[in-house]
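Note that this is a predicted model, so its numbers are computed, not measured. Residue numbers count from 1 along this sequence. When reading the values below, keep in mind they use all heavy atoms of this one structure, side chains included, and skip hydrogens, waters and symmetry mates.
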Amino acid sequence: MQSETQQESPPHLEILFEDEHIVAIHKPAGLLVHRSYLARKERFFAMQLTRDLVGCHVFPVHRLDRPTSGVLLFAKNSESAHILCEQFEQHSVTKQYLALVRGNIHEAGELDYALKVELDDVADKYAATDKPAQDAVTLYQPLLNSEIPYSSGRYPTSRFGLVKLTPKTGRKHQLRRHMAHLRHPIIGDTTHGDGKQNKFAREHFGVNRLWLIAKSLSFFHPVTAKLMHIETELESEWLDVFDLLGWDEIDSEPAILI
């Protein structure tokens with residue numbers, strides 16, 4: 001299989017919403033949001049691909065980690081970008097994610113667990129390492145649970161859960177770190193996750209990815225002030241995994257999400 005750096009054709013981007021001020025796309029897993037000197041060999045970026053699609057410069061107002069797929073919002077002018085960035089900074093934007101995690105979760109909850117700043121070896125080479133932990137809050141709601149008769153470790157069966165995550169703050173890798181803290185790491189998370197479970201998922205599901213998707217985004221339009229709700233569909237690989245986990249009886253997947 002070709003790596004992202006060897007792709008000769010750009011990944012497909014779906015426009016979820018567009019007007020003269022903003023554009024929202026579905027970002028595929030594995031695609032960087034914008035150019036970075038940390039990834040000099042990459043050819044394709046969500047920002048440049050979106051610009052080419054809509055025919056004008058676009059301004060990033062938030063970010064998704066490279067391995068995370070889902071709703072990504074851009075502004076088409078600096079004024080709109082400034083207004084939207086303020087909404088993100090003031091935590092007035094509602095972000096909802098879906099994650100496939102290790103184990104079964106039976107009760108919803110709120111995790112208020114401060115996180116130390118994660119520093120990059122290159123980009124943060126000269127950054128202070130003694131910063132206090134930052135407040136971080138995540139709401140989590142279990143949607144589906146499954147136990148399949150295959151061993152991925154010490155037990156004869158493997159348990160998985162589908163959970164809705166709503167971050168109230170925006171710390172680096174917050175959802176991945178919070179789910180790991182709850183001992184329900186997100187499947188495919190090679191930094192904070194369970195290596196044995198990740199290996200089992202790669203082999204059993206036949207897909208190598210982080211099982212985290214930014215499912216929806218709610219915010220106020222920067223010009224009209226109208227409340228916007230933009231939602232994307234799950235990629236087909238999610239539905240394939242649902243089948244493998246016995247969740248194929250679901251008639252309409254969006255109905256269970258929001």
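In this structure, the side chain of K168 does not engage the main chain of A136 through any donor-acceptor pair within 3.5 Å. Remark: side-chain polar atoms of R102 are paired, donor with acceptor, to backbone N or O of R183 under 3.5 angstrom. Side-chain atoms of K215 do not come within 3.5 Å of backbone N or O of K164 as any donor-acceptor pair. The backbone N or O of E203 sits nowhere less than 3.5 Å from a side-chain atom of K199 that would complete a donor-acceptor pair. With hydrogens and angles disregarded, a donor-acceptor distance shorter than 3.5 Å links the side chain of T50 to the backbone of A46. Checking side-chain atoms of Q87 against main-chain N and O of F220 turns up a donor-acceptor pair under 3.5 Å. Distance alone, capped at 3.5 Å, is enough to place a donor-acceptor pair between the W247 side chain and the N145 backbone. Without hydrogens or angle criteria, Q90 side chain to C85 main chain gives no donor-acceptor distance under 3.5 Å. When atom types are taken as modelled, the side chain of R177 and the backbone of K116 share a donor-acceptor pair closer than 3.5 angstrom. Under the 3.5 Å distance criterion, the side-chain polar atoms of N104 are matched with a main-chain donor or acceptor of S146.
For L13 against P28, the heavy-atom pair with the smallest separation is CD2-CD, 3.5 Å. The heavy-atom pair separating H21 from S80 by the smallest distance is CB-OG, 3.8 Å. Smallest separation of non-hydrogen atoms from G193 and P185: CA-CB, 3.7 Å. Counting all heavy atoms, side chain and backbone alike, S152 lies closest to K196 at O-CB, 3.6 Å. Scanning both residues, L31 and F44, for their nearest heavy atoms gives CD1-O, 3.4 Å. Of all heavy-atom pairs between A75 and V61, the closest is CB-CG1, 4.1 Å.
No side-chain heavy atom of T166 sits under 4.5 Å from any side-chain heavy atom of K95. Counting heavy atoms from C-beta outward, F242 and L244 have side chains that stay 4.5 Å or more apart. Counting heavy atoms from C-beta on, the side chains of V117 and Q134 come closer than 4.5 Å. The shortest side-chain heavy-atom distance between V241 and V207 does not fall under the 4.5 Å cut-off. The side-chain heavy atoms of I186 and L100, taken from C-beta on, include no pair separated by under 4.5 Å. Side chains of L98 and V163 form no contact here, defined as non-hydrogen atoms less than 4.5 Å apart. Within the 4.5 Å cutoff, no side-chain heavy atoms of M47 are placed close to those of L32. In this structure the side chain of W238 reaches within 4.5 angstrom of the side chain of I213, judged on heavy atoms.
For the atom pair NE2 (H192) and CG (L210), the distance works out to 10.0 Å, reported to the nearest 0.5 Å. Here the straight-line distance linking atom CG of L217 with atom CG of L16 works out to 10.0 Å at 0.5 Å rounding. In this structure, CG in L64 is found 5.0 Å from CG in L72, a value given to the nearest 0.5 Å. One distance of note links OG of S216 with CD of Q96; it measures 4.0 Å at 0.5 Å rounding. Atom CG of L175 and atom OG1 of T68 lie 8.0 Å apart (nearest 0.5 Å). Interatomic distance, NZ of K27 versus CZ of R66, reported as 8.5 Å (0.5 Å rounding).
A salt bridge does not link K172 with D65: every distance from a Lys NZ or Arg NE/NH1/NH2 to an Asp or Glu carboxylate oxygen is 4.0 Å or more.
With no hydrogens or angles considered, no side-chain donor-acceptor pair links H26 and E233 at under 3.5 Å. For S158 and E147, the side-chain atoms include no donor-acceptor pair closer than 3.5 Å. Counted by atom type alone, E14 and H12 present zero donor-acceptor pairs between their side chains at under 3.5 Å. Using modelled atom types, one finds no donor on one side chain facing an acceptor on the other under 3.5 Å when comparing H173 with D189. When only modelled atom types and interatomic distance are considered, Q174 and T169 share a side-chain donor-acceptor pair under 3.5 Å.
For H91, the NE2 atom counts as densely surrounded, since its 6.0 Å shell holds more than 12 non-hydrogen atoms of other residues, nucleotides or ligands.
Residues passing the salt bridge (charged side-chain N to carboxylate O under 4.0 Å, His left out) test with E237 are R209, sequence neighbours excluded. Every residue two or more places apart in sequence or in another chain was checked for a salt bridge (charged side-chain N to carboxylate O under 4.0 Å, His left out) with E89, and none qualifies.
Between H181 and Y113, the distance from one ring center to the other falls under 6.0 angstrom.
Residue L115 is grouped with residue V101 when hydrophobic side chains (ILVMFWY) are merged at heavy-atom distances under 4.5 angstrom, including chains of intermediate members. V58 and L53 fall within a single hydrophobic cluster, where Ile, Leu, Val, Met, Phe, Trp and Tyr are joined by side-chain heavy atoms under 4.5 Å apart, directly or via other members. Transitive grouping of hydrophobic side chains (ILVMFWY, heavy atoms separated by less than 4.5 Å) brings L245 and L234 into a common cluster. Linking Ile, Leu, Val, Met, Phe, Trp and Tyr whenever their side-chain heavy atoms come within less than 4.5 Å puts L144 and L239 in one cluster. One hydrophobic cluster holds both V23 and V33 under the rule that ILVMFWY side chains link at heavy-atom gaps under 4.5 Å.
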- Message: Under the criterion side chain to side chain contact (heavy atoms under 4.5 Å, CB included), I'd like the reasoning laid out for S69 against E235: C-alpha separation, chi angles, the key distance, then a yes or no.
- Response: CA-CA 9 Å; S69 64; E235 298 104 346; 2.8 Å; yes

- Task: Check the pair L84 / L73 against side chain to side chain contact (heavy atoms under 4.5 Å, CB included), numbers first and verdict last.
- Result: CA-CA 9 Å; L84 289 170; L73 180 66; 4.0 Å; yes

- Stepwise, does the side chain to side chain contact (heavy atoms under 4.5 Å, CB included) test hold for T157 with I148? CA-CA 6 Å; T157 62; I148 58 176; over 6 Å; no

- Could you give me the CA-CA distance, side-chain angles and deciding distance for L212 and Y97, then say whether side chain to side chain contact (heavy atoms under 4.5 Å, CB included) is met? CA-CA 7 Å; L212 178 66; Y97 293 73; 3.9 Å; yes

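For residues 133-142, no residue pair satisfies the salt bridge (charged side-chain N to carboxylate O under 4.0 Å, His left out) rule, not counting sequence neighbours. Counting only residues at least two apart or on different chains, the ring pair (Phe, Tyr, Trp, His ring centres under 6.0 Å) pairs with a member in residues 134-163 are Y150-H204, F160-F205. Among residues at least two apart or in separate chains, salt bridge (charged side-chain N to carboxylate O under 4.0 Å, His left out) pairs with a member in residues 75-88 are E18-K76. Note on residues 58-79: pairs passing ring pair (Phe, Tyr, Trp, His ring centres under 6.0 Å), not counting sequence neighbours, are H57-F59, H62-F88.
For the side-chain contact (heavy atoms from CB on, under 4.5 Å) with F219, the qualifying choice from I83, L227, I22 is I22, the only one to do so.
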